[in-house]
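Beneath this line is the structure, given in structure tokens, with notes to follow.
Computed over heavy atoms, backbone and side chain alike; hydrogens, waters and symmetry mates excluded. Protein chains get the first letters and strands the later ones, always in sequence-line order, with residue 1 at the start of each.
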Protein chains: 2
Amino acid sequence: MTSQHPSPDREPAGRQRTRRSPAPHERLRDAERTKARILDAAVEVFSAKGFDRARVADIAARAGVNQQLISYYFGSKRGLYREIGRRWRAYEAEAIPEGLEFAEQIKRGVRASVDPRFGGRLLAWDGLYDTGEDDEGDEETRERNAQLQREVRALRERQRAGELDDRFDPAALILIGLSAGNALAVYPHLARGLFGTDTISPELVEHYAEQLARVISSLPAAAPPRVPDSSE
Amino acid sequence: MTSQHPSPDREPAGRQRTRRSPAPHERLRDAERTKARILDAAVEVFSAKGFDRARVADIAARAGVNQQLISYYFGSKRGLYREIGRRWRAYEAEAIPEGLEFAEQIKRGVRASVDPRFGGRLLAWDGLYDTGEDDEGDEETRERNAQLQREVRALRERQRAGELDDRFDPAALILIGLSAGNALAVYPHLARGLFGTDTISPELVEHYAEQLARVISSLPAAAPPRVPDSSE
DNA sequence: GGAATAGTCAAACGAGTATTTGATTAGCTC
DNA sequence: GAGCTAATCAAATACTCGTTTGACTATTCC
């Protein structure tokens, strides 16, 4: 219903505080609008700093609201984080639709991973925070697993069609693609050192996306062209 | 006088406490041994939980020492973390020597990444915590960058030798290899969903390492065998 | 064997922060 | 427009840890 434009305009100042007073003819109080602002701010902050280092005061300031509203609307900081997770999966499915060429999916994934609006780093945070014990079997986990399995089947289909050497395990390929696609977001320090830049520029993102797509596209089809030193 | 031994050893409930009393002929007090115990415990805890979620009380308990000793020997929790970083780079260089076949390096990297002793997750933690602003230009960063650049040169050398299509950017390939090599450690939740297992077994690690190495080995040499949809 | 020192510890302290409390007011309904 | 409820806020609270303090003791050196 709401959340049309995440942020129509933004001050280019350091720790920005998005517009404080609503437009002339807007309502002064609007629960949905406020919630949306908090969520937008929360995605950025959680994605950038992770759950523990994220400050509810920071999120509230960016959203331009009182920090108590986070408890009011989402129960707690963790409740807000969970809500983010739900919205994120929905957005993900939309931004990277299935059925695309695997290489094209990869490219989109790379671009999305470094977009602060998107919060691709959340995936890595979740994985690192994951202890393998606590949150098993919940709804969100099941949903995500189903999504992953769907992608596995899609790749397997291509193997049957002869587009990909069937000695590759689709599950492994997907994990490789996802992790490598997130690399700029997860290892910015390595990226800077490797590419010799001070910052992750849009050009670098495109370059890396291109390279990763090329690697994926180079995988041999049904008949592997050369495997000179495979010792088994 | 206070109580003599508050708790010489602890019930083996859940949070384990490694050996409390030294062997019969060992010294009761040994700074180096204590420091080493703390460091070993710290690697595991920091790697598993990240800096913020790691508890000095937990590290001390695992090391079987009083938690004040962490401040005493390393100044602070952060000081301990820095020391971990130093040792880690040294260990890394030893566990994954240069000069190996790239695919073999990858395999070793995968195995190391899931070894709690090694703490491959630390690399991801560092990257996620990295804000691109604070810790630039310090000694450790420079050293790591030099190491990365060395690997870039090595790959470029192979391109000159015709072993690898020179349309691949060595820096990008290394980032792909590193990030994909760490995938099991960084995205255990995805791995479980993809491979349909409850845990990351050693067999799964070997399987994934094998697969990733195969992908790397499949990269075309000087003449790309098939690039059907590369549009440049 | 008797200081001196380094190693170790338990308990108290204090900084940082999420959450609760209690008050204020916009916006809707009749 | 009176009254009610939802939305908002500032300030106080409560709690979780990392660090400091001060005391105790094994080890070493003369």
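The CD1-P distance, from Ile59(B) to dC17(D), rounds to 13 Å in whole Å. Protein atom NZ of Lys35(B) is 12 Å distant from nucleotide atom P of dA6(C), rounded to whole Å.
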Atom pairs under 3.5 Å: protein N/O with N/O of nucleotides 14-18 of chain C:
unit_1: dT17(C); atom_1: OP1; unit_2: Arg55(A); atom_2: NE; d: 2.8
unit_1: dT17(C); atom_1: OP1; unit_2: Arg55(A); atom_2: NH2; d: 3.1
unit_1: dT17(C); atom_1: O5'; unit_2: Arg55(A); atom_2: NE; d: 3.1
unit_1: dA18(C); atom_1: OP1; unit_2: Arg55(A); atom_2: NH1; d: 3.0
unit_1: dA18(C); atom_1: OP1; unit_2: Lys77(A); atom_2: NZ; d: 3.3
unit_1: dA18(C); atom_1: OP2; unit_2: Val56(A); atom_2: N; d: 3.3

Scan nucleotides 21-23 of chain D against the protein and return all N/O pairs shorter than 3.5 Å with their distances rounded to 0.1 Å.
none

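Applying the 6.0 Å contact sphere to CZ of Arg53(B) captures more than 12 heavy atoms from other residues, nucleotides or ligands.
Here Phe74(B) lies out of heavy-atom contact (under 4.0 Å) with every strand.
Residue pairs that meet the side-chain hydrogen bond (donor to acceptor under 3.5 Å, both in side chains) test with at least one member in residues 194-208 of chain A, sequence neighbours left out, are Arg111(A)-Glu206(A), Ser201(A)-Glu203(A), His207(A)-Asp169(B). Evaluation of the ring pair (Phe, Tyr, Trp, His ring centres under 6.0 Å) test over residues 36-74 of chain A, restricted to residues two or more places apart or in two chains, returns Phe46(A)-Phe51(A), Phe46(A)-Tyr81(A), Phe51(A)-Tyr81(A).
Between Ile38(B) and Lys35(B), every side-chain heavy-atom pair lies at or beyond the 4.5 Å cut-off. Using a 4.5 Å cut-off on side-chain heavy atoms (C-beta onward), Ile216(B) and Val215(A) make no contact. For the pair Leu123(A) and Tyr187(B), the minimum side-chain heavy-atom distance is below 4.5 Å.
Residues that satisfy the salt bridge (charged side-chain N to carboxylate O under 4.0 Å, His left out) test with Arg108(B), not counting sequence neighbours, are Glu104(B). With sequence neighbours left out, the salt bridge (charged side-chain N to carboxylate O under 4.0 Å, His left out) criterion links Asp115(A) to no other residue.
Listed pair Thr34(B) / dT8(C) meets the phosphate criterion, a side-chain N or O lying under 4.0 Å from OP1 or OP2.
Checking dC9(C), dT8(C), dT8(D) against the side-chain heavy atoms of Tyr72(B) singles out dT8(C) as nearest.
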